[in-house]
Amino acid sequence: MTTNIMFAGVGGQGLILMTRIFSEVAMLEGYDIKSNDVVGLSQRGGMVWGNVRIGDKVFSPNIPTGEGDILVAMEPLEGLRWSKDLKENGIIIRNTKRVYPTLVQQEKEKYPDEDVENLKSKYNVIELDAFKKAKSLGKKQVANVILLGILAQHLDIKVDTWKKVIKENVPPKAIDMNLEAFDFGYNYK
Amino acid sequence: MSSVNKEVITGNEAISRGFYEGGGIVAASYPGSPTVEIIEKLKSYDDVYSEFSTNEKVATEVAIGASMYGVRSMVTMKHVGVNIAADPLMTFTQTPTNGGFVLVTGDDPGLSSSQNEQDNRVWAKFASMAVLDPSDSQEAKDFTKLGLEMSEKFQGPTMLRITSRLCHSRGIVELNDRIEDNVKEFDRNKEKYCMIPPASQDAQFFIKDRIKKLEEHAYNLEINRLEERENTDTLIITSGLMYNHVKEINPNASIWKLGMVYPISEKKAKEITNKYDKVLVIEEMTPFIENELKLMGIQCEGKKYFNFTGELDISDIEKGLYKSDVLKNKKEYEESSQKTIARPPLFCSGCPHRPVFDILKKSKTKIVVGDIGCYSMASLFPFEQSNSIISMGASIGMAKGMRKAMTMIAKEEPVVAVIGDGTFFHSGIPSFVNLLHQKKDNENITYIVLDNRTTAMTGGQHNGSSGNFNERDDMQVNIKSLLKSIGFNRVKEIDQYNYDSTKKLIDEEIAYEGLSVIVANGPCALKYKLNKPHFYVDPEICIGCRTCIKTNCPPLRMKKYEGIEKLKSSIDKEMCVGCSICAQVCPVNAIKSSAGLNKEGENIDN
């Protein structure tokens, strides 16, 4: 049994940190893991995505089409883009803060608010303005860890393992803030 | 609990680890996606010297020198970097390698961050090198060590060929101790290393013999693994990441997984393939393995069913296996991503390239010769200010060629060429020197060196001039002084965050009937963390002209304000870094800095 987690967002939103933390957590819990990140040109405000697959034995780092269990979206349009890779009734954990792509900014296209909203009829969508909450905790960069906290609700992994790995992957000064962000996400309903 | 030390790391990090464990001592590179992190990770090992050199040729020569002196060495680069490195490589390969030498090439099927999709296995064959093709992080580490050993055993460089997907994919890797004390003596026999006749003529026999020995070695090579399945008439031959995609599908076929894809043992290939009616080769890009087998007279198919370009994902392989009748049931595929609005990359908030291309768009030039770096994105909508992007440093020579063509056919129009500082040091300097050859005073070309003080596109590595601006960097070449000493007498420097004076200068130099150079020297907003008080739009003053919007800065967009009928501009203060360009282009001063506003005012946010 392999569990497939997808991550989506905009270049610069820290997706690689999310896939790295989750990969290390999964390894410490004894899972086999393979992950993927898009790195390169798309760093500059383009679309980015990543995968983490955990299970007894995982071969490919790529998720077979339509086999995604959970999609963590740092941006609504990017969540929409990858939603088709989810299984029926899959879970979407979504930051509501929009980042407008060039075509919307230049008024060639409209931001697809309706399509984004419609995902709720097909999937189990959990959403919040993670940037706003993160800022209230001290820094918008902890938004990712809030979403990881929500993800942790849906996985059979010990909270202590998550916290251990988060501590190791964030600057020492920011540890308390990140743990608070994780707890907030873990208890978010 | 097992006592084995394990880590979950990327393919790139695994190569670094493999080099460390394999007793590697000197590594060099030029930063290029997808291999940048190899050298960055190597910085954490004190026993290894590593550097980002000025280009791939220089990096290769640094590694060659170390190898020749007797230590294990490595050079890493993106696939097109091997073109730059090819000159030393093609001759170095004729010499008997002393300290193990591994060349890591990051191929990019699908061109996710590259200008072409060349398959460097072809280079390796051309250079008489063995090619190792790992399928996950563990193998990336193991094959790096094996590559060093094989290099010494067969006295030739080894190519470790990885793809962008593998570079950035993570897997669990077992860690081992470093091999110590494997340094060899420097062989001072000049016959071996001075590649002039007759030594270079003898070397032809040496490299031919090396490949023959490698082929014999391949017969029992453990990393070429046959996974036999009963009751099947089908054999799949594959390597690298494709192997894991095939395992994911688990078709009814035996699998011959090649760890070394060149040279292939003809004897072994015939022994194995003879047992099967159907032989399929699954590989990305060119039919390299397929062609090797066909040259041996082995019946097989590959590119008939699997695409010659792009990445092969699991679904692509499933489709090919269905077409070739290996999979009996056709799976219904949906497009894996929802058709929705594209999100191409764009200049970051506060990027110093933005004002330059905004000005060029409004200028009299209709030709902008582009080059490789973040500023390549100027070719995208809405700027569309690059007529060409070919290779590192090409803009300088190409603009000269265009201008000479105009002279010869009696045409006249302004030509602008742009080049970044990293690219300038990588391969721009010889082209600049060449501009002075047969230069005519009335030939109008304007060169703009976009000096953002770092190699930005690959994540902010140092380059020849970044030591002037960053105390951790050491090289302090001054671009303007260098150009002056080469012999350019019209070189002007400008801070392009000062929009009006930059526009005046660029317009003047484009109008100037002759050769001129502008060094635009605003620092990379990302690397140097531009973070000034944000700007905001006063919607009562804004006339909705969209001059600011056209600069394509991420925080800007048109928005409906309460009580105002027309759409007016707005700025997302969370994304604004305070570069002020939007405020400077605004014709009615509707955009203002939040600096100096009181606490209440700081909440002004569009």
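Residue numbers begin at 1 in each chain, while the letters A, B, ... track the order of the sequences.
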**Complete:** Tightest non-hydrogen contact, residues B:Asp371 and B:Ile389, listed as O-CG2, 3.9 Å
**Message:** Strictly below 4.0 Å, N to O, side chains only: are A:Arg98 and A:Asp113 in salt-bridge contact?
**Reply:** yes
**Part of B:Glu574 within contact of chain A (heavy atom distance under 4.5 Å)** = both
**Prompt:** Can you say whether B:Asp108 sits under 4.5 Å from chain A via the side chain, the backbone, both, or neither, judging by heavy atoms?
**Reply:** neither
**Request:** Determine, for A:Glu88 against A:Lys122, whether the closest basic-nitrogen to carboxylate-oxygen distance falls under 4.0 angstrom.
**Result:** no
**Fill in**
If you tally heavy-atom pairs under 4.5 Å between each of A:Glu107, A:Glu109, A:Lys108 and chain B, the highest tally belongs to A:Glu107
**Request:** Counting only heavy atoms closer than 4.5 Å, note whether A:Val104 contacts chain B via side chain, backbone, both or neither.
**Result:** side chain
**Asked** Which residue out of B:Ser135, B:Cys553, B:Pro34, B:Ser164 racks up the most heavy-atom pairs below 4.5 Å with chain A?
**Response** B:Cys553
**Fill in**
Counting heavy-atom pairs under 4.5 angstrom with chain B, the leader among A:Asp32, A:Val99, A:Asp115 is A:Val99
**Item:** Interface residue of largest heavy-atom contact number with chain A, from B:Met575, B:Lys247, B:Met558, B:Lys550, under 4.5 Å
**Value:** B:Lys247
**Message:** I need the minimum non-hydrogen distance between B:Glu284 and B:Leu312, along with the two atoms involved.
**Reply:** OE2-N, 2.9 Å
**Asked** Out of A:Arg20, A:Lys140, A:Glu24, which one racks up the most heavy-atom pairs below 4.5 Å with chain B?
**Response** A:Arg20
**Prompt:** With a 4.5 angstrom heavy-atom cut-off, which part of A:Thr2 approaches chain B: side chain, backbone, both or neither?
**Reply:** neither
**Asked** Side-chain donor-acceptor pair under 3.5 Å between B:Asn552 and A:Gln105, yes or no?
**Response** yes
**Request:** Could you tell me which portion of B:Cys374 (side chain, backbone, both or neither) has an atom closer than 4.5 angstrom to a non-hydrogen atom of chain A?
**Result:** side chain
**Fill in**
Of B:Glu7, B:Met242, B:His245, the largest count of non-hydrogen pairs under 4.5 angstrom with chain A goes to B:His245
**Parallel, tilted or perpendicular, as decided by the 30° and 60° cut-offs, for the rings of B:His353 and B:Phe347** = perpendicular
**Request:** May I ask you to say whether B:Lys257 pairs ionically with B:Glu139, meaning some side-chain N is under 4.0 Å from a carboxylate O?
**Result:** yes
**Asked** Quick one: do the A:Glu78 and A:Gln13 side chains pair a donor with an acceptor below 3.5 Å?
**Response** no
**Asked** So, the side chain of B:Tyr322 versus the backbone of B:Asn329: is there a donor-acceptor pair under 3.5 Å, distance only?
**Response** no
**Asked** What part of B:Leu567 lies closer than 4.5 angstrom to a heavy atom of chain A: side chain, backbone, both or neither?
**Response** side chain
**Message:** Please classify the contact between B:Ile172 and chain A as side chain, backbone, both or neither, with a heavy-atom cut-off of under 4.5 Å.
**Reply:** both
**Complete:** Residue from B:Ala342, B:Ser137, B:Gly32 scoring the most non-hydrogen pairs under 4.5 Å with chain A is B:Ala342
**Prompt:** With a 4.0 Å cut-off, would you call A:Glu75 and A:Lys97 a salt bridge?
**Reply:** no
**Request:** Mind ranking A:Ile33, A:Asn51, A:Thr102 by heavy-atom pairs under 4.5 Å with chain B and telling me who comes out on top?
**Result:** A:Thr102
